[in-house]
Amino acid sequence: MARQMSGAKMVVQALKDQGVDTVFGYPGGAVLPIYDEIFQQNDIRHVLVRHEQGAVHAAEGYARSTGKPGVVLVTSGPGATNAVTGLADALLDSIPLIVMSGQVPTFMIGSDGFQEADTVGITRPCTKHNWLVKDTDALAKTLHEAFHVATHGRPGPVLVDIPKDVQFATGTYNPPAKPGTLRYQPQVKGDMEAITELVEALENAKKPIFYTGGGVINSGNAASQLLRELVDATGAPITSTLMGLGAYPGSGKNWLGMLGMHGLYEANMAMHDCDLMINIGARFDDRITGRIDAFSPRSTKAHIDIDPSSINKVIRVDIPIVGDVAHVLEDLLKVWKSRGRKMNREAIEAWWKQINEWRAVNCLTYKNSDKVIKPQYALQRLEELTKGHDRYITTEVGQHQMWAAQFLTFDDPNRWMTSGGLGTMGYGFPASIGVQMAHHDALVINVAGEASWLMNMQEMGTAVQYRLPVKQFILNNERLGMVRQWQELLHGERYSSSWSEALPDFVKLAEAFGAKGIQCSDPADLDDAIMEMLNYDGPVIFDCLVEKHENCFPMIPSGEPHNKMLLGEAKTKDAIKEGGAVLV
């Protein structure tokens, strides 16, 4: 029923009608009317961050771990511009966000007023859609439309810019319209002829592989369940991008591990040699394909994606299917079952024999030490000591991120939050805060590098204020690890600006914020130190001093095809077949 109310009250009412329970934000003059309305109600929690970039990353963590959209409220000018990195991150990783920004009054727009910025112009390239609302009567409709656009089709961030006079003025509030009546209606059902063509290809394939991405997780739990049923029933191997980890169980028998630049040898080799590649909710990004002209040259390629613009954008495919992953997989299974559940079982058995030979290379082998903590060992121990917990993992960006993807196991979707497409250093800590706000009793760990963690270290104030027991597991090598690795391998060991100087004492830093600090440098003490971190009921900074010059392998060097990998110092040439990996 339509009601008269102020624009600020409309914002809060729209959030309630959309089922929002948490907003991450930072107040300022241009949004004070909205903050005043938030103060006068108890249904929506507001989390005061210490920087607007932290607000958006926290909302991303909330969204990724719940499947619900994250909501952010920032002020005009610098408040909105500080949010831009988070918006770009969410756009590339398809995270549904609604960011509401304050704006100077409508009569001052374009006058270079105090804290004015062209927020709509600035954020147009890094949002799915954005709006500047100049009429209070249009505000409620715009906010409801924003939620619809952010969460339907390929999810993504949207922004609604709200001038201060629109917040003060009175207008007519209309509740949400039925989703089917809104203009934006992305296609969710796949073309049945194309689905049948894919089933026929699957029935005849000798070396099939499922290549999955974050789109499976975005499609919801039903999509992950259907994927598991399809993979287990067909017996075909499955690999995943960084963003798709957990859609199929990491402990599952058909799991090959992550593929791509730092993916597993067996996953990349299987992708290169397969005769049928079924891409489900991934976008053929450059971290996966390596050199495009040499990418899986002998395979028939199918691509299932809800975003039509993602199909044939990078890799030309033979069987394009536009639709929601859950809907398409449901139809795919129905057709395959109705045709007799046929597969070339004998050929697939031979395919697995080849894959197991690649697995025998044991590409994650590293030289351990009893003198210094190897980062791989630190994550193996973290995995072993936490795998029975109700656990969520976030990461920063760099070597530690890739080691976490390699050595931690995810058996369920929505348990792994990382920055994939944009590779945003500073993402993981605020994201862990968003995850913990959504899952108060869960174990939330941010796997970090010391350089990435420092980019949003101010959010420790947020963690302490809201008593969020987030664990910051910092692999501290006193280096910009991935930068240093590339400089070693590709730039003649010229380490230009890749060594961290004047690092803080992380234990004292934790204590200064009112949190707990733990430092560990001896492998023999690591288990006890991890348990101390897990048992502490509050936020922890764990400073794990690791080998300073460890490299992350496997690695596809820039410009190489994905079957030419560096496997690292711990491998021997005998273990590697001719034409396979190359040795560092």
Side-chain angles (χ1 to χ4, degrees), residues 64-65 67 209-221 223-271 278-282 287-288 325 329 352 355-356 358-366 375-395 400-418 420 428 435 439 442-447 473 552-554:
R64 188 72 173 172
S65 66
I209 188 168
F210 291 101
Y211 153 42
T212 58
V216 181
I217 295 172
N218 286 340
S219 184
N221 288 334
S224 293
Q225 290 301 323
L226 290 163
L227 174 68
R228 293 166 190 223
E229 181 184 350
L230 179 63
V231 171
D232 292 342
T234 60
I238 179 171
T239 182
S240 166
T241 66
L242 181 74
M243 296 302 294
L245 297 178
Y248 182 85
S251 59
K253 60 184 175 66
N254 292 26
W255 177 242
L256 300 187
M258 182 180 74
L259 80 157
M261 177 172 282
H262 291 285
L264 271 62
Y265 179 66
E266 52 265 37
N268 283 331
M269 292 301 291
M271 284 282 282
I278 304 174
N279 176 336
I280 307 175
R287 302 291 97 170
I288 299 303
V325 166
L329 289 183
W352 273 109
I355 289 170
N356 287 330
W358 290 325
R359 275 178 167 169
V361 170
N362 198 12
C363 66
L364 295 183
T365 300
Y366 62 95
Q376 302 97 319
Y377 178 72
L379 287 167
Q380 284 181 314
R381 297 315 303 154
L382 186 70
E383 165 73 8
E384 186 63 28
L385 295 170
T386 63
K387 63 183 179 182
H389 290 71
D390 180 17
R391 185 187 75 179
Y392 293 82
I393 299 289
T394 68
T395 80
H400 61 275
Q401 176 190 31
M402 296 297 103
W403 281 315
Q406 292 171 346
F407 287 94
L408 301 181
T409 301
F410 301 95
D411 282 342
D412 296 297
N414 306 109
R415 298 285 177 151
W416 164 252
M417 278 59 62
T418 195
V435 175
H439 308 278
L443 172 62
V444 180
I445 302 172
N446 177 38
V447 177
F473 192 70
C552 183
F553 294 113

> What's the separation between atom CG in Leu227 and atom CD in Glu229, rounded to the nearest 0.5 Å?
10.5 Å
> Side chains of Tyr265 and Leu364: closer than 4.5 Å at any heavy-atom pair?
no
> Hey, can you tell me if Phe407 and Tyr366 have their rings parallel, tilted or perpendicular (30° and 60° cut-offs)?
perpendicular
> Does the side-chain contact (heavy atoms from CB on, under 4.5 Å) test come out yes or no for Leu256 and Trp358, once each step is laid out?
CA-CA 10 Å; Leu256 300 187; Trp358 290 325; over 6 Å; no
> Has Thr239 got a side-chain atom pairing as donor or acceptor with Gly257's backbone, closer than 3.5 angstrom?
yes
> Kindly indicate whether the side chain of Ser224, heavy atoms from C-beta on, has any atom under 4.5 Å from the side chain of Val216.
yes
> For a quick test of reading the model, state the closest non-hydrogen atom pair linking Ala282 to Thr212 and the distance between them.
CB-C, 4.1 Å
> Could you measure the distance from the CE atom of Met271 to the CD atom of Glu266? Nearest 0.5 Å is fine.
13.5 Å
> Give the minimum heavy-atom separation between Gly428 and Thr394, together with the two atoms involved.
O-OG1, 3.1 Å
> Has Asn254 got a side-chain atom pairing as donor or acceptor with Ala236's backbone, closer than 3.5 angstrom?
yes
> Tell me, please, which residues at least two apart from Arg359 pass salt bridge (Lys or Arg N to Asp or Glu O under 4.0 Å).
none
> Is Ile355 close to Pro237 at the side-chain level, that is, under 4.5 Å between some pair of heavy atoms?
yes
> Given Tyr392 and Ile445, is the side-chain contact (heavy atoms from CB on, under 4.5 Å) satisfied, shown in steps?
CA-CA 6 Å; Tyr392 293 82; Ile445 302 172; over 6 Å; no
> How long is the straight-line distance from CG of Leu382 back to CD1 of Ile393, given to the nearest 0.5 Å?
5.5 Å
> To the nearest 0.5 Å, what is the distance between CG on Leu264 and CG on Asn362?
9.0 Å
> Taking the side chain as C-beta and beyond, is there a heavy-atom pair between Trp403 and Cys552 under 4.5 Å?
yes
> Go through Tyr248 and Asp232 one step at a time and tell me if the side-chain contact (heavy atoms from CB on, under 4.5 Å) criterion holds.
CA-CA 10 Å; Tyr248 182 85; Asp232 292 342; 2.8 Å; yes
> Under 3.5 Å, is there a donor-acceptor pair between the side chain of Trp416 and the main chain of Leu242?
yes
> Among Asn446, Val447, Leu379, which one satisfies side chain to side chain contact (heavy atoms under 4.5 Å, CB included) with His400?
Val447
> Give the C-alpha distance, both sets of side-chain angles, the deciding distance and a yes or no for side-chain contact (heavy atoms from CB on, under 4.5 Å) between Arg64 and Asn218.
CA-CA 8 Å; Arg64 188 72 173 172; Asn218 286 340; 3.2 Å; yes
> Could you state the interatomic distance from CD (Gln380) to CG (Leu385), rounded to the nearest 0.5 Å?
11.5 Å
> Classify the side-chain pair Thr395/Thr418 by whether it contains a donor and acceptor separated by less than 3.5 Å.
yes
> When you measure from the side chain of His439 to the backbone N and O of Ser65, does any donor-acceptor pair fall under 3.5 Å?
yes
> Atom CD1 in Ile280, atom CG in Leu329: separation rounded to 0.5 Å?
5.0 Å
> Please check: side-chain N/O of Gln406 versus main-chain N/O of His262, any donor-acceptor pairing under 3.5 Å?
yes
> Could you note down all residue pairs passing salt bridge (Lys or Arg N to Asp or Glu O under 4.0 Å) where residues 382-394 supplies at least one of them, sequence neighbours left out?
Glu383-Arg391, Glu384-Lys387, Asp390-Arg415
> Under 3.5 Å, side chain of Gln401 to main-chain N/O of Gly420, donor-acceptor pair present?
no
> Can you find a heavy atom in the side chain of Asn414 that is under 4.5 Å from one in the side chain of Asn221?
yes
> Going by heavy atoms in the side chains, are Asp412 and Pro249 under 4.5 Å from each other?
no
> Looking only at atom types and distance, does a side-chain atom of Arg287 sit under 3.5 Å from a main-chain N or O of Leu259, one as donor and one as acceptor?
no
> Answer whether the closest heavy-atom distance between the side chains of Met258 and Leu245 falls below 4.5 Å.
yes
